[in-house]
Amino acid sequence: MEDEFLLFLNENLGVIHRICRIYFPDRPEEREDLYQEILYQAWKSYPGFRGDAKFSTWLYKIGLNTAIVHFRKIKRRPDRSDVTDGLLEIPDSSGSANGSDHAETLMQAVKTLSPVDKAIVSLYLEDYSYEEIAQTMGISRSNVSVRLVRIKNQIAQKIKNEL
Amino acid sequence: MEPLNDLKNSWNQEDFEMNGTRSVNKSSFRDIILSVANRERNKVIQYFWAAFAYQIILYSLFCFAFFRNIGNQAILLAVLAGLCANIPFTWALLKRFKIMYRQSLSKSISGYSIKANIELYYTRLSAFFRFKKFADGILLPVNALIAVFILFGIYTVGGLFQHLISGSILFAGIWLACGIAVWLENKNNFRKPLRKIALLLQEFEQPEHQVDVAVVD
């Protein structure tokens with residue numbers, strides 16, 4: 001089971017990175033903690049994965065759920081560096097050569113959103129349809145639509161303020 | 001949706017970079033699982049140590065009173081009453097905590113939406129908190145009364161009934177001190193998390209209102 005899980009996980013590892021990135025764009029320590037927490041929750045939940053949805057969708061649910069409710073800021077312990085060697089250096093594109101200033105401004109604007117709105121944005125960015133976002137989140141389609149318009153306005157306003 | 005489309009473009013680019021450079025192998029995966037499991041266990045132990053410190057003091061008092069006053073029927077009855085009141089509640093509390101803890105995210109996530117999972121989490125946590133408040137409401141005054149009765153029975157001539165005023169003051173003091181400790185514990189472990197989850201659920205329901213819950217810590 002572990003091999004199978006790792007296979008699926010590695011194919012969809014970007015899902016976890018993206019969730020970590022959207023929730024903690026400029027806080028690498030929290031991002032690492034969240035990354036570990038999602039991995040752990042996913043492994044714990046894996047026996048319940050029936051395969052009737054895509055693994056990535058299932059992983060998104062686990063990850064967003066963890067990020068929204070179950071994740072609490074954890075005090076870092078000195079011995080953590082052994083475990084996190086290399087692997088947990090989650091890419092931080094905030095200062096990378098590829099990340100444009102505009103993209104960074106957008107991420108900064110996303111940072112100010114509420115946890116629920118961040119979840120909706122992350123699903124939207126993954127090209128989930130309004131219907132799929134509604135189902136995953138447990139809200140109505142019109143609610144998704146209203147929220148995305150509001151989020152767009154909020155982000156636009158933030159960008160305007162930045163300029 | 002121009003800003004979101006811009007974000008989507010940069011997002012997809014980033015995604016490509018991430019997927020191309022990262023993977024988890026068996027050894028590092030096990031290290032992470034072990035590390036988080038230990039962290040989680042420590043959190044539980046930390047919570048229980050705080051709760052058990054009080055229990056240890058209480059049961060130590062009962063044991064001390066029992067062995068010191070084997071011939072004193074009144075004190076033995078008080079010890080017995082204390083044990084009868086505490087053991088079932090301690091057992092029930094531990095059992096409920098264990099159930100709540102085990103029924104965490106893992107058992108429920110697959111078939112439900114994120115909102116449904118949050119509601120489930122809220123329901124479980126608030127049910128446990130309700131029971132804890134009920135248990136505390138009974139045990140705090142009962143334990144304070146028994147402790148005062150035993151202490152006055154052992155250390156004063158004539159026992160509690162000969163020193164009703166000082167006994168009442170001590171009873172009120174113990175009740176107040178324990179009450180404050182329990183109130184603070186409940187605030188940090190239950191009221192605050194429940195309030196945050198309630199705000200989250202409220203936010204799910206009301207898209208037109210801005211609810212300020214952007215901080216996850």
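These figures come from a predicted structure and were not determined experimentally. Proteins get letters first, then strands, A, B, ... in listed order; numbering begins at 1 in each.
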Item to check | No-hydrogen, no-angle side-chain donor-acceptor test under 3.5 Å, B:Lys133 and B:Asn186 | outcome: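 No.
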Checklist entry - Would you call the rings of B:Phe64 and B:Tyr155 parallel, tilted or perpendicular if under 30° counts as parallel and over 60° as perpendicular? => result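 Because their plane-to-plane angle is under 30°, the rings of B:Phe64 and B:Tyr155 count as parallel.
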Checklist entry - Does the side chain to side chain contact (heavy atoms under 4.5 Å, CB included) test come out yes or no for B:Leu145 and B:Trp175, once each step is laid out? => result CA-CA 9 Å; B:Leu145 187 65; B:Trp175 194 1; over 6 Å; no
Checklist entry - Tell me, side chain or backbone of A:Val144 under 4.5 Å from chain B's heavy atoms, or both, or neither? => result neither
Checklist entry - What part of A:Phe5 lies closer than 4.5 angstrom to a heavy atom of chain B: side chain, backbone, both or neither? => result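 Interface part for A:Phe5: side chain.
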Next on the checklist: Using ring centroids (six-membered ring only for Trp), state whether A:Trp43 and A:Tyr40 fall under 6.0 Å.
Outcome noted: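 So the answer is no for these two rings.
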Checklist entry - Any idea which of A:Ile139, A:Asp3, A:Leu6 has the most non-hydrogen atom pairs under 4.5 angstrom with chain B? => result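 Max contact count across the listed options: A:Leu6.
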